[in-house]
Amino acid sequence: YPLDRSARDEDSNMDLLQDYLEKYYDLGKEMRQYVRRKDSGPIVKKIQEMQKFLGLKVTGKLDSDTVEVMHKSRCGVPDVGH
Amino acid sequence: FTTFPGMPKWSKTHLTYRIVNYTQDLPRDAVDSDVEKALKIWEEVTPLTFSRIYEGEADIMITFAVREHGDFFPFDGPGKVLAHAYPPGPGMNGDAHFDDDEHWTKDASGINFLLVAAHELGHSLGLYHSTNTEALMYPLYNTLKGPARVRLSQDDVTGIQSLYGPPPASPDSPVEPSEPEPPAPGTLAMCDPALSFDAISTLRGEILFFKDRYFWRKTFRTLVPEFHPISSFWPSLPSGIDAAYEVTSRDSVFIFKGNKFWAIRGNEEQAGYPRGIHTLGFPPTVRKIDAAIFDKEKQKTYFFVEDKYWRFDEKRQSMEPGYPKQIAEDFPGIDSKLDAAFESFGFFYFFSGSSQFEFDPNAKKVTHVLKSNSWFNC
């Protein structure tokens with residue numbers, strides 16, 4: 001059966017989150033297997049770190065505001081870490 | 001505001017810039033004037049001054065590029081990443097790259113070039129991103145900001161002045177005689193033929209040469225190493241360390257001083273340290289470590305103390321039986337007291353005073369004798 005739209009959106013948001021956290025918030029590549037489990041501690045912590053840095057409500061969840069911000073145009077320099 | 005890890009900044013106040021190429025979206029003189037305006041914004045609140053050059057290597061090279069453009073950080077087509085820039089330093093450091101897949105405009109109808117240029121040049125001068133949504137150094141592009149509103153927030157001013165101080169007093173106020181600035185110690189000592197090191201370690205593909213309160217950071221991307229205070233990366237590490245080595249499989253560097261050792265991962269200090277060196281299995285008679293090397297192939301670490309050495313099994317996390325052994329016996333040609341050691345591309349490099357010995361562990365012989373600072377391309 002074709003994936004229903006929300007499941008496909010969910011998937012692409014997870015890809016976006018993983019790429020965003022790796023690129024701008026020093027998420028190590030070894031954490032990839034955790035990104036799919038959004039409620040896993042390290043990922044929640046990273047999402048909170050991003051939300052705090054960008055001035056969003058700190059929920060630790062991939063809420064719609066956070067997804068919207070991750071789609072915005074921005075500078076390519078990371079926000080934290082090397 | 002934040003600055004880049006290690007607080008890199010220009011050690012001179014007069015900087016050069018060069019506009020290497022242009023976007024088709026804007027007239028050339030529009031790009032020229034926007035870059036000038038963007039630099040002026042920073043000039044007005046610091047002692048920095050800028051002059052343009054038209055060929056050769058400037059401190060700040062400004063280019064428009066698309067996708068992969070030679071720095072392993074490819075642009076991503078229209079939208080998302082608009083530009084990026086590198087912190088102060090030689091070579092590519094200080095440069096600013098703009099994604100030419102964007103639609104660059106003088107106003108806010110597309111991507112306002114002046115706004116993005118002012119932000120990226122903030123990076124070129126040493127500022128990192130700010131959490132202040134009003135700041136120029138806030139990382140997200142603000143579609144509402146047009147050219148007339150491109151100016152520094154107080155957060156930006158505080159940030160850049162934390163690196164360079166305020167602009168010189170205006171000409172009509174009495175100028176205090178200023179002490180000549182002492183030359184940066186790193187630049188002078190680096191090529192001193194008598195230079196020796198406290199410790200040397202690799203770290204994620206780079207090589208760190210520790211000396212007193214400082215370290216030289218050698219990356220394969222730049223010829224001239226960077227020079228930083230140890231405390232600017234790792235505030236709780238001591239100065240004048242004895243030994244250091246990287247266990248690549250654990251992405252960790254271990255730093256030794258006296259009978260204690262610390263662990264760092266990138267620029268993060270690991271909790272639970274310092275620990276006593278005797279927890280590694282040294283006898284009480286060992287008070288300090290002279291040098292250490294991690295052998296990636298064997299997953300073993302060699303610790304050198306005076307004329308003897310121990311071997312530590314990183315998998316088992318225990319010192320191997322049958323040690324200490326004489327260094328000269330198993331490392332022929334290495335018979336003076338060691339200051340530092342590290343491994344690179346299968347060779348061990350031992351440092352004693354101003355001399356360095358390249359040792360082939362397979363052939364068990366010294367293959368080259370070099371100056372200790374041969375890695376600095378003096």
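Here is how names work: the chains are called A, B, and so on, in the same order as the sequence lines, proteins then strands, and each is numbered from 1. As a basis for the values below, the full set of heavy atoms in this structure was taken, side chains included, without hydrogen atoms, waters or symmetry mates.
At a 4.5 Å heavy-atom cutoff, the contact between B/Tyr138 and chain A is made by side-chain atoms alone. Contact annotation for A/Leu56: neither backbone nor side-chain heavy atoms come within less than 4.5 Å of a heavy atom of chain B. Proximity to chain A (any heavy atom under 4.5 Å) is shown, for B/Glu102, by neither the backbone nor the side chain. Neither the backbone nor the side chain of B/Phe75 comes within contact range of chain A, judged by heavy atoms closer than 4.5 Å.
Remark: A/Arg74 qualifies as a cation-pi partner of A/Tyr24 under the 6.0 Å distance and 45° angle criteria applied to the six-membered ring.
The candidate from B/Asn132, B/Leu140, B/Ile111 with the greatest count of non-hydrogen atom pairs under 4.5 Å with chain A is B/Leu140. The residue among B/His129, B/His97, B/Glu268 with the most heavy atom pairs within less than 4.5 Å of chain A is B/His129. Each of B/Ala85, B/Gly6, B/Ser130 has some count of heavy-atom pairs under 4.5 Å with chain A, and the biggest count is that of B/Ser130.
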B/Glu314/B/Arg250 under salt bridge (Lys or Arg N to Asp or Glu O under 4.0 Å): CA gap, chis, key distance, verdict: CA-CA 10 Å; B/Glu314 290 291 347; B/Arg250 292 169 58 189; 3.5 Å; yes

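Under the rule for a side-chain contact (heavy atoms from CB on, under 4.5 Å), the partners of B/Ser162 that lie at least two apart in sequence or sit in another chain are B/Phe1, B/Thr3.
Between B/His119 and B/His84, the distance separating the two ring centers is not shorter than 6.0 angstrom. Between B/Phe215 and B/Trp234, the distance separating the two ring centers is shorter than 6.0 angstrom.
Applying the salt bridge (charged side-chain N to carboxylate O under 4.0 Å, His left out) test to every pair with at least one member in residues 47-71 of chain A, sequence neighbours left out, gives these pairs: A/Lys46-A/Glu49.
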